[in-house]
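All remarks here apply to the structure that follows.
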Number of protein chains: 2
Amino acid sequence: MAVKSEHIPKATIARLATYIQVLSEFKREGTDVVSSERLAEACSVNSSQIRKDLAYFGEFGVRGVGYYVQDLITSIKRSLGIDRAWNCALVGVGNLGRALLRHREFSRKGFIIRGAFDCDPYKIGEVVEGMEIVCSRQLPAKVKELSLEIGVITTPPERAQRAANYLVGAGIKGIINFAPARIAVPKHIHLEYVDFFHYFYAAAFHIRFDDNRD
Amino acid sequence: MAVKSEHIPKATIARLATYIQVLSEFKREGTDVVSSERLAEACSVNSSQIRKDLAYFGEFGVRGVGYYVQDLITSIKRSLGIDRAWNCALVGVGNLGRALLRHREFSRKGFIIRGAFDCDPYKIGEVVEGMEIVCSRQLPAKVKELSLEIGVITTPPERAQRAANYLVGAGIKGIINFAPARIAVPKHIHLEYVDFFHYFYAAAFHIRFDDNRD
DNA sequence: GGGATTCTGTTATAAATTTCACAAGTTAGG
DNA sequence: CCTAACTTGTGAAATTTATAACAGAATCCC
């Protein structure tokens with residue numbers, strides 16, 4: 001599935017994820033066809049925005065009709081590259097790491113955590129959710145053996161860079177960093193920072209700001 | 001702490017959070033003063049971007065010198081409204097909810113989860129991390145009693161709207177929704193959606209896209 | 001003390017993103 | 001078959017966001 005255009009805005013990717021969510025809802029409700037207008041309303045965006053976002057990847061609708069819900073879900077998933085499974089390595093089995101390992105939604109969405117790594121000797125050998133925790137030094141071997149492509153860092157911040165180094169050295173293609181620390185990786189490695197405190201900060205800011213306007 | 005300007009971009013809020021993170025790192029390393037250039041490099045952004053972001057809130061630097069690290073941290077925190085604690089209600093004590101309750105970072109960052117709510121009779125009365133799970137119907141009483149201001153929804157998607165209704169009815173000011181479902185709230189309630197699968201989707205998309213370019 | 005250097009705050013410029021507007025395609029009904 | 005009612009895909013316009021450029025302020029060194 002090729003993209004029509006060079007660069008796709010980050011915001012578009014985020015919205016596509018929302019579209020899938022809402023479309024799945026429509027599907028459960030038994031809706032077969034939906035217009036960009038109706039989808040837009042459910043997603044709280046402009047309908048042109050939706051058509052523009054989709055236009056980056058192709059033409060998925062029928063003029064005068066709308067979009068076939070199931071087809072559109074399939075098309076968006078293919079566009080995003082989530083029409084297949086992705087094997088993930090999780091590095092750092094603390095509180096957050098364990099929560100992610102237990103989170104069923106990952107495999108349901110096609111992101112399958114196949115390896116759990118930690119450098120703490122007390123944790124190595126422990127089994128979490130049917131998965132044995134392995135020493136981080138074994139990453140190169142395991143990445144090759146299990147075709148791991150995405151690394152998930154859930155270490156404390158001071159160990160995030162080392163985890164990243166292990167992952168890069170092992171030949172991983174992308175890293176999703178949940179640790180509250182900036183890390184450096186070669187530029188051919190795709191890197192995403194996840195920090196849900198951003199959302200709390202935004203909420204705090206807006207609540208206080210809105211209050212002050214009275 | 002007033003803002004100088006009307007509207008502040010969402011991206012600015014997210015970057016401010018990053019600045020705090022990196023500045024804290026500098027502080028730990030013993031750096032007292034930092035230039036926008038050096039901070040920019042550590043955050044992988046443009047230095048004008050940083051000065052622009054800060055200009056929304058005031059003048060925090062000294063020309064010819066730079067920014068005093070501790071002062072800037074304090075100023076940004078005050079600007080974001082996180083120079084004080086926020087009391088939070090968590091609704092939905094499943095896997096994700098429990099992980100958040102156990103996550104020490106929340107109270108360390110000033111977001112204190114003071115109430116855990118669920119409508120499952122089997123969970124009510126159970127104690128997680130020293131907090132008793134309470135029936136969601138008690139939200140109005142507890143919100144008043146404990147001055148809860150931010151609601152965190154970690155229910156399954158089909159129960160997210162009901163959780164939101166409870167929270168809104170109880171007089172909460174903002175909602176952070178971790179459930180993979182869109183919800184409707186009155187427009188004076190600040191609403192943030194958290195979906196870390198967005199980041200996985202983005203990673204999947206870019207990895208596949210970059211591969212195809214060879 | 002003053003000239004060179006550094007660095008912020010802010011204005012000007014450029015780039016990116018979103019919204020508008022409409023031609024082109026589809027369906028339904030008489 | 002033809003008109004009316006819809007709805008997509010897309011180029012143009014508007015808006016927003018990011019980058020560059022520079023005046024004003026502080027420090028350093030001779």
Give the rounded distance in Å between these two atoms: [atom1] of [X] and [atom2] of [N].
X       : N      : atom1 : atom2 : result
B:Asp53 : C:dT10 : CG    : P     : 14 Å
B:Ile8  : D:dT17 : CD1   : C1'   : 14 Å
A:Ile50 : D:dT7  : CD1   : C1'   : 13 Å
B:Tyr56 : C:dT10 : OH    : P     : 13 Å
A:His7  : D:dA18 : NE2   : C1'   : 13 Å
A:Glu41 : D:dT7  : CD    : C1'   : 16 Å
A:Glu37 : D:dG9  : CD    : C1'   : 15 Å
A:Leu72 : D:dT8  : CG    : C1'   : 12 Å

Between A:Tyr68 and A:Lys10, just flag the one whose closest nucleotide in DNA chain C comes earlier from the 5' side.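 Nearest nucleotide further toward 5': that of A:Lys10.
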
Using a strict cut-off of less than 4.0 Å between a Lys/Arg side-chain nitrogen and an Asp/Glu carboxylate oxygen, indicate whether [X] and [Y] qualify as a salt bridge.
X        : Y        : answer
B:Asp53  : B:Arg15  : yes
B:Lys144 : B:Glu149 : no
A:Arg108 : A:Glu105 : yes
A:Arg114 : A:Glu145 : no
B:Glu192 : B:Lys10  : yes

On the side chain of [X], is there an atom forming a donor-acceptor pair with the base of [N] - under 3.5 Å, no angle test?
X       : N      : answer
A:Lys52 : D:dT10 : no
B:Ser48 : D:dA20 : yes
A:Arg51 : D:dG9  : yes

Which nucleotide, [options], lies nearest any side-chain atom of [X]?
X       : options                : answer
B:Pro9  : C:dA21, D:dT17, C:dT10 : D:dT17
B:Arg63 : C:dG9, C:dT26, D:dA26  : C:dG9
A:Asn46 : D:dA18, C:dT19, D:dT10 : C:dT19
A:Ala55 : C:dT10, D:dA26, D:dT10 : D:dT10
B:Gln49 : D:dT8, D:dG9, D:dA18   : D:dA18
B:Ser35 : C:dT26, C:dT19, C:dC7  : C:dC7

Select base, sugar-phosphate, or nothing to describe what A:Arg15 touches, counting heavy atoms under 4.0 Å on all strands.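 Sugar-phosphate, backbone atoms only, no base.
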
Are any of B:Tyr67's side-chain N or O atoms less than 4.0 Å away from OP1 or OP2 of C:dG9? yes

